[in-house]
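Accompanying notes for the structure given below.
Numbering of residues begins at 1 and proceeds along the displayed sequence.
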Amino acid sequence: MSRRTFELWVWGLVVSSLLLSGSWRTVSAHRTGFLPHAISLADLDHDGQLDMVVPASASRQVTVLLGDGNGGVKATQTYPAGKGPTWVETADFNGDGHIDVLATNTGSASLTLYFGDGQGALTNRRDVEGIHGPASAVAADFDRDGHQDVAVALAAKSEVMILRNRGGGELDQLRTYTVGRGPHILSKADVNRDHQPDLVVGCLGTHALSILLSKGNGTFHEVVDVPVGRFPHYRSFGDWNGDGYPDAAVVVAGDDAVDILIGNGAGELKKTVSYPVGTNPHGLDAGDFNEDGHADLAVSNRSSRDIHLLMGDGTGAFVSQAPLMTGQDIIALAVGDFNADAHADLALVSATSNTVILWRGDGTGAFTPFVAP
């Protein structure tokens, strides 16, 4: 272990212990409720700054953290959800120009929808019942009628359900598609470049990605399964090799690795290489961390309590950097600019301290925790 890596490891342990003890309040860490699972970024109050929405499963709530544009949070508000909310999706479901929030309630077989007021508050809770085992959800206009529809991964039934938005946020169950066993995290991406949102879901029971290509009318072609490593979790999409076609990266927790898949522009993804990371990786997001024009990857490793950075070279290959030692069980992360300096920062969702911890990027690929004023 290099001296720099050792110093970062010690710093991570210090931050973790001080956060948990409550004896040091200068690190930019913000309470979410118990057992946070995921994070979504959006501008809920129209101030031009990124806000954060986090589901807290054990607290049965959704937490909204309004960003202040300086690497901190100016206000926090919690909203009740169903039993065991594990995912949130942000979109304008009722077409009023404000961001709304949808949560998947795994324990109560339902979705909870809140409508945003444009000032950072959520109102008019609406529950959608009969959604059994919802693990995650994404929003997109699948039928091109101008309304944000919803796709939900149903873990217990090994299905993806499509819900059509009739307008005003009225969601009707349209149909379901059988996918691989144990679908977990669902993503949307235009993998065949037809300008329609396709669906990709990681299936824990079959160690594969199930791909559903959109027909553009609210329906999808039959599923195509792509083998990956064991227990695929979060994934990210981008053009890793500069050929203009969408590629993918997926965390495979059972292999302690990230698999890279290269696309051919026709909807096919093929695994080309796997990069070892830390122990029990889970979160993943992409950004140009060193501002060289190529996409990089950030991976959160739950058991080794660190962040791995994989720096892209534009050819489809990545170079691993020394891990950032957080001392925290980071279950999810998101890339965004939280202090308006045009550099990519990190929002880390900690299952250790039940907080979101913000780390500042300097544009060279280095990150350090934000500190509160």
Side-chain angles (χ1 to χ4, degrees), residues 38-44 50 53 55 86-104 111-116 126 128 131 134-155 159-179 183-203 209-224 234-239 245-248 250 263 265-267 269 284-286 334-336:
I39 185 170
S40 183
L41 304 181
D43 183 4
L44 274 70
L50 283 176
V53 185
T86 56
W87 195 264
V88 285
E89 176 73 336
T90 49
D92 180 7
F93 292 105
N94 60 355
D96 65 353
H98 307 318
I99 294 295
D100 310 313
V101 174
L102 180 79
T104 61
L111 309 176
T112 295
L113 175 61
Y114 278 102
F115 296 102
R126 181 180 299 170
V128 182
I131 315 295
S136 59
V138 296
D141 184 6
F142 297 123
D143 55 4
R144 294 185 289 184
D145 66 352
H147 305 310
Q148 291 292 304
D149 308 306
V150 175
V152 184
L154 305 179
E159 293 175 341
V160 167
M161 174 183 286
I162 308 300
L163 295 97
R164 181 175 180 267
N165 185 349
R166 292 190 286 113
E170 295 286 345
L171 299 176
D172 294 333
Q173 296 182 23
L174 185 61
R175 64 167 295 177
T176 59
Y177 295 86
T178 299
V179 294
H184 182 39
I185 294 176
L186 182 64
S187 302
K188 61 183 177 184
D190 181 13
V191 295
N192 60 352
R193 299 191 307 157
D194 64 352
H195 307 293
Q196 307 300 327
D198 307 309
L199 297 172
V200 181
V201 62
C203 302
L209 301 181
S210 288
I211 300 175
L212 291 162
L213 297 179
S214 174
K215 295 181 180 180
N217 61 0
T219 65
F220 293 79
H221 294 281
E222 291 302 313
V223 66
V224 174
Y234 279 86
R235 72 200 60 88
S236 189
F237 296 89
D239 183 6
Y245 303 147
D247 309 312
V250 57
L269 295 171
L284 173 69
D285 206 355
V335 174

task: State whether the side chain of D198 and the backbone N or O of S214 hold a donor-acceptor pair below 3.5 Å, judged by distance alone.
output: yes
message: Using only atom types and a distance under 3.5 Å, with no angle test, would you say the side chain of R126 pairs donor to acceptor with the backbone of F115?
response: no
query: So do V160 and L199 actually touch side chain to side chain, heavy atoms under 4.5 Å?
result: yes
task: Quick one: pull up CD in Q148 and CG in D141 and give me the separation to the nearest 0.5 Å.
output: 6.0 Å
query: Which pair of non-hydrogen atoms, one from P55 and one from V88, has the smallest distance, and what is that distance?
result: CD-CG2, 3.7 Å
message: Using 0.5 Å steps for rounding, measure from the CZ atom of R144 to the NE2 atom of H195.
response: 11.0 Å
field: Atom of I99, atom of A42 and distance for their closest heavy-atom approach
entry: CG2-CB, 4.0 Å
- prompt: Listed by chain and number, what are the ring-ring contact (aromatic ring centres under 6.0 Å, His included) partners of Y114, not counting sequence neighbours?
  reply: Y79
field: Side chain to side chain, F142 and T219, heavy atoms closer than 4.5 Å
entry: no
- prompt: Who passes salt bridge (charged side-chain N to carboxylate O under 4.0 Å, His left out) against D145, sequence neighbours left out?
  reply: R164
query: Mind checking whether V250 and Y234 have side chains closer than 4.5 Å, heavy atoms only?
result: no
- prompt: Are the side chain of D285 and the backbone of V335 linked by a donor-acceptor contact shorter than 3.5 Å?
  reply: yes
task: Taking the side chain as every heavy atom from C-beta outward, state whether T112 and L102 have any atom pair closer than 4.5 Å.
output: no
message: Going by side-chain contact (heavy atoms from CB on, under 4.5 Å), S136 matches just one of T104, L186, T86. Which one?
response: L186
query: Got a donor-acceptor contact below 3.5 angstrom from the N94 side chain to the G169 backbone?
result: no
field: 4.5 Å side-chain heavy-atom contact, V201 and C203
entry: yes
task: Could you tell me which non-hydrogen atom of A38 sits nearest to which non-hydrogen atom of W87, and how far apart they are?
output: CB-CE3, 3.8 Å
Considering all heavy atoms, the nearest V152-A137 contact: CG2-CB, 4.1 Å
query: Could you give the distance from CG (L269) to CZ (R235), rounded to the nearest 0.5 Å?
result: 10.5 Å
query: Run the side chain to side chain contact (heavy atoms under 4.5 Å, CB included) check on V223 and T178 step by step: do they pass?
result: CA-CA 8 Å; V223 66; T178 299; over 6 Å; no
- request: Nearest 0.5 Å please: distance from the CG atom of D194 over to the CG atom of L213.
  value: 7.5 Å
message: How close do G263 and D247 get, counting heavy atoms only, and between which atoms?
response: N-OD1, 2.7 Å
- prompt: Looking at side-chain heavy atoms only, is the closest gap between F237 and S187 below 4.5 Å?
  reply: yes
message: Using a 3.5 Å distance criterion without hydrogens, assess whether the side chain of N165 forms a donor-acceptor pair with backbone atoms of H147.
response: no
- prompt: Which value, rounded to the nearest 0.5 Å, describes the distance between I211 atom CD1 and H221 atom NE2?
  reply: 13.0 Å
message: Quick one: does any side-chain atom of K188 pair with a main-chain N or O of A139 as donor and acceptor, under 3.5 Å?
response: yes
query: Hey, are the side chains of I131 and L163 touching, using non-hydrogen atoms and a 4.5 Å cut-off?
result: yes
- prompt: Do side-chain atoms of D190 reach the backbone of P197 as a donor and acceptor pair under 3.5 angstrom?
  reply: no
Salt-bridge present (R166, D172; N to O < 4.0 Å): yes
message: Let me confirm one number: the CG-NZ distance from D143 to K215, rounded to the nearest 0.5 Å.
response: 14.0 Å
message: Taking the side chain as everything from C-beta on, heavy atoms only, tell me whether V138 gets closer than 4.5 Å to V150.
response: no
message: Strictly distance-based, threshold 3.5 Å: is any side-chain N or O of Y177 a donor or acceptor partner for the main-chain N or O of F220?
response: yes
statement: In short, salt bridge (charged side-chain N to carboxylate O under 4.0 Å, His left out) pairs touching residues 90-102 with sequence neighbours left out are none
